[in-house]
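Have a look at the structure below, then the notes.
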Amino acid sequence: MLDPRLVRQNPDHVVAQLTRRGLAVDVDALHQRARQVQTLAERRTRLQAEGKRISRQVGQQFRLLMTEQDKHPVSFEEQPESPTDQEPQGNVESRRLPGDVDQKMEDIRALAEALEEKGRTIKTKVAALEEEEKALQAELRQELLRLPNLPSPRCPDGRSEVDNVELRRWGEPRSVPAALEHWQLAETLGLFESERSARIARSRFVTLLGPGARLERALIQFMLDLHVSRGYMEVLPPVLVNTASLTGSGQLPKFAEESFRCAEDDLWLSPTAEVPLTGLHRDEILSATDLPRRYVAYSPCFRREAGSYGRDTRGLIRLHQFNKVELYWFCHPDASEAAHEQLTADAEAVLQALELPYRVVELCTADLGFSACRTYDLEVWLSGAGAYREISSCSNCSDFQARRSSIRMKEGKHNRLLHTLNGSGLAVGRTMAALLEWYQQPDGSVAIPQALQRYMGCDVITPPSDPK
RNA sequence: GGAGAGGUGGCCGAGUGGUCGAAGGCGCAGCACUGGAAAUGCUGUAUAGGGGCAACUCUAUCGAGGGUUCGAAUCCCUCCCUCUCCGCCA
């Protein structure tokens, strides 16, 4: 979420930055509303202060009354409360009180009643103002929640993905003669089942089999071990997450159609471990001294992939359920740019260890994700397809998710929103696809890269000797 | 799912419907004492929002949301969460 104060005080800046993303937003209306909320709040606060003063005065009157009562107990005989209290103290003489004492107590009571009446009036006024303010506030928040993060000044401007900037390449793509795509290889090697998976669930699900299942598990464990050795804390989070968590990380309210939902329970299938990891410290204040906090989480991810019906229908590239190892940082706001480079390097380390060629692309303003202010994509070389394909997206979300999730850090006396970053490290299915295509051999087998062999328990996957 | 107990500041733990944002303790920070430290003493220690150059000040917050009241941590209702026991279950 954007800072409401920024919208109130510098709407032009907000407009300019959202325009860089190619968004035309009516910030004027938003700005008006933000100021309106503030005006209402000021009026309400002043009234509340007065009401509070009055309540205290009523209390004072009651105390006065009680001290008078203690001095002249019997004069209150006509009052219904606790007659037994007064009985022992009552005596005939004090029944005839001097008129001025009676009068004094009458005055106190009258004053108290007048104050009470005043309090009632204020109460109804405050309630009315509060209602109006709450409604406006809620509208404002809903609108703010639908606005994406502002791009970093360093994020390159662009109108579409063609304006993304290639930063560097690692490894040499080689053209393999008669290269097969991974789903073709998988078929002869018996690594997974697509059609039967549609029977179990529906299309865009996969069931991994034999060495395929083993390879997926090996990759997950390999990635986790690698990142843990580089200083990450391993996390295995819930994959059902509530609405607050999805709102906190930016998936809701705008992208509800992208996630599967268990409507009866206010739970959703998490589209990425970024969601539970953001939620891990929701409503917390971390100490600045133990930042950065770096987490690595394996989780299955669930996405509806609405509107991608024709694309990537075969194989492991685009599924409703896939596995991902996610890197996540909570860090000091001044350190997030360096953290972004480090996190990206950590994701790259996986591809380097597996010796798979890739390139790093910086997304332009038009291609930036909702929560990100800056993003590097890793694109791995798919030999079979003969193209680079996204396998990781490493984003700096600045304070955007932290504000939505209220995650702060204590620095000296002050609390300040921290920064969050996330990146795939890596998408496991796509890694398997790249690996199969890159390491395919003329005899139809697939070599296992060295780093993975101890996880895989072999150095090659060969076609079954007796197919079917 | 059933029965019971409970949710108060960083932590422990008081709290009578009326200056209670909340005693006391621990922890933490500063100062004093010390050659240095421990111990001790003093002072200060929540968050959010608004106003003010500032000292400061106003409002809200005692699990959450409603209600009663001039006034709620305190009374009433609903929900959530934690703990114990039973049932079920990997």
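Every chain is numbered from 1, with letters handed out A, B, ... down the list of sequences. Side chains included, hydrogens not; waters and symmetry mates left out as well; all remaining heavy atoms used. Everything quoted here is computed from the prediction, not taken from an experiment.
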Checklist entry - Using the C1' atom in both, what is the distance from B:rA60 to B:rG21, to the nearest Å? => result 11 Å
Checklist entry - Can you name the residues that form a ring pair (Phe, Tyr, Trp, His ring centres under 6.0 Å) with A:Phe62, not counting sequence neighbours? => result none
Next on the checklist: It should be established whether A:Gln38 places a side-chain nitrogen or oxygen under 4.0 Å from OP1 or OP2 of nucleotide B:rG51.
Outcome noted: yes
Checklist outcome for this item: When both distances are under 3.5 Å in a Watson-Crick or G-U wobble arrangement, the nucleotide paired with B:rC70 is B:rG18
Checklist entry - At under 4.0 Å, does any side-chain N or O of A:Lys123 touch on OP1 or OP2 of B:rG71? => result yes
Checklist entry - Only one of A:Thr278, A:Thr243, A:Leu246 clears side chain to side chain contact (heavy atoms under 4.5 Å, CB included) with A:Gln251; which? => result A:Leu246
Checklist entry - Does any pair with a residue in residues 1-16 of chain A pass side-chain hydrogen bond (donor to acceptor under 3.5 Å, both in side chains), and if so which ones, sequence neighbours excluded? => result A:Arg8-A:Gln38
Checklist entry - Which base sits across from B:rG27 as a Watson-Crick or G-U pair, both distances under 3.5 Å? => result B:rU45
Item to check | Base-contact (B) and sugar-phosphate-only (S) positions in nucleotides 58-64 of chain B, heavy-atom cut-off under 4.0 Å, - elsewhere | outcome: SSS----
Item to check | Atom C1', compared across B:rA72 and B:rU16: separation rounded to whole Å | outcome: 13 Å
Next on the checklist: Counting only heavy atoms and a strict 4.0 angstrom limit, can you tell me which residues of residues 129-138 of chain A come near RNA chain B?
Outcome noted: A:Lys134
Checklist entry - How far does the C1' atom of B:rG4 sit from the matching atom of B:rU8, given to the nearest Å? => result 22 Å
Item to check | Identified pairing partner of B:rU34, criterion: Watson-Crick or G-U wobble below 3.5 Å | outcome: none
Checklist outcome for this item: Quick note, ring pair (Phe, Tyr, Trp, His ring centres under 6.0 Å) partners involving residues 239-260 of chain A, not counting sequence neighbours, are A:Phe255-A:Phe370, A:Phe260-A:His320
Item to check | Length of the line joining A:Ile285:CD1 and B:rG9:P, which is rounded to integer Å | outcome: 13 Å
Checklist entry - Are the side chain of A:Asp399 and the backbone N or O of A:Ala402 linked by a donor-acceptor pair below 3.5 Å? => result no
Checklist entry - Among B:rG51, B:rG71, B:rA48, which nucleotide sits nearest the side chain of A:Glu42? => result B:rG51
Checklist entry - Which value, in whole Å, describes the distance between the P atoms of nucleotides B:rG65 and B:rG25? => result 32 Å
Checklist entry - Between B:rA14 and B:rG63, how far is it from one P atom to the other, in whole Å? => result 14 Å
Item to check | Rounded distance in Å - CD (A:Glu284) to P (B:rU47) | outcome: 16 Å
Checklist entry - A:Glu117 near the nucleic acid: base, sugar-phosphate alone, or nothing, with a heavy-atom cut-off under 4.0 Å? => result nothing
Checklist entry - Rounded to the Å, how far apart are A:Arg416 CZ and B:rA46 C1'? => result 20 Å
Checklist outcome for this item: The side-chain contact (heavy atoms from CB on, under 4.5 Å) partners of A:Ala288 (sequence neighbours excluded) come to A:Met409, A:Glu411
Item to check | Least distance between heavy atoms, A:His31 atom then A:Val7 atom | outcome: CD2-O, 3.3 Å
Checklist entry - Reckon A:Arg5 touches a base, only the sugar-phosphate, or nothing at all at heavy-atom distances under 4.0 Å? => result sugar-phosphate
Checklist entry - Using atom C1' of each nucleotide, how far apart are B:rA23 and B:rC33 to the nearest Å? => result 29 Å
Checklist entry - So what does A:Gly119 touch, heavy atoms closer than 4.0 Å: a base, only the sugar-phosphate, or nothing? => result sugar-phosphate
Item to check | A:Phe330: partners by ring pair (Phe, Tyr, Trp, His ring centres under 6.0 Å), with sequence neighbours left out | outcome: A:His281, A:Tyr295, A:Tyr328
Checklist entry - In whole Å, what is the span from the CG atom of A:Leu47 to the P atom of B:rC70? => result 17 Å
Next on the checklist: Does the structure show a Watson-Crick or G-U wobble partner for B:rA54, both distances under 3.5 Å? Name it, or say none.
Outcome noted: none
Item to check | Pairwise salt bridge (charged side-chain N to carboxylate O under 4.0 Å, His left out) hits with a residue in residues 37-46 of chain A, at least two apart | outcome: A:Arg44-A:Glu133
Next on the checklist: Taking the P atom in each of B:rG24 and B:rG41, what is the distance between them to the nearest angstrom?
Outcome noted: 15 Å
Donor-acceptor pairs under 3.5 Å, side chain of residues 333-347 of chain A to any protein atom, not counting sequence neighbours: which ones?
| unit_1 | atom_1 | unit_2 | atom_2 | d |
| --- | --- | --- | --- | --- |
| A:Asp334 | OD1 | A:Arg416 | NH2 | 3.4 |
| A:Ser336 | OG | A:Asn396 | ND2 | 3.1 |
| A:Ser336 | OG | A:His419 | ND1 | 2.9 |
| A:Glu337 | OE1 | A:Arg154 | NH1 | 2.4 |
| A:His340 | NE2 | A:Cys394 | O | 2.8 |
| A:Glu341 | OE2 | A:Tyr376 | OH | 2.6 |
| A:Gln342 | NE2 | A:Asp346 | OD1 | 3.0 |
| A:Thr344 | OG1 | A:His340 | O | 2.7 |
| A:Asp346 | OD1 | A:Arg230 | NE | 2.9 |
| A:Asp346 | OD1 | A:Arg230 | NH2 | 2.8 |
| A:Asp346 | OD2 | A:Tyr232 | OH | 2.6 |

Checklist outcome for this item: Using Watson-Crick geometry (N1-N3 plus N6-O4 or O6-N4) or G-U wobble (N1-O2, O6-N3), each under 3.5 Å, B:rC62 is paired with none
Item to check | A:Gln61 CD to B:rG71 P, straight-line distance once rounded to whole Å | outcome: 17 Å
Checklist entry - Hey, is the side chain of A:Arg408 poking within less than 4.0 Å of OP1 or OP2 on B:rA48, counting only N and O atoms? => result yes
Checklist outcome for this item: Taking a pair to mean Watson-Crick or G-U wobble geometry with both distances below 3.5 Å, B:rC83 pairs with B:rG4
Checklist entry - Which whole number of Å gives the distance between the P atom of B:rC76 and that of B:rG6? => result 13 Å
Checklist outcome for this item: Closest to the 5' end of RNA chain B, once A:Arg8 and A:Glu116 are matched to their nearest nucleotides, is A:Arg8
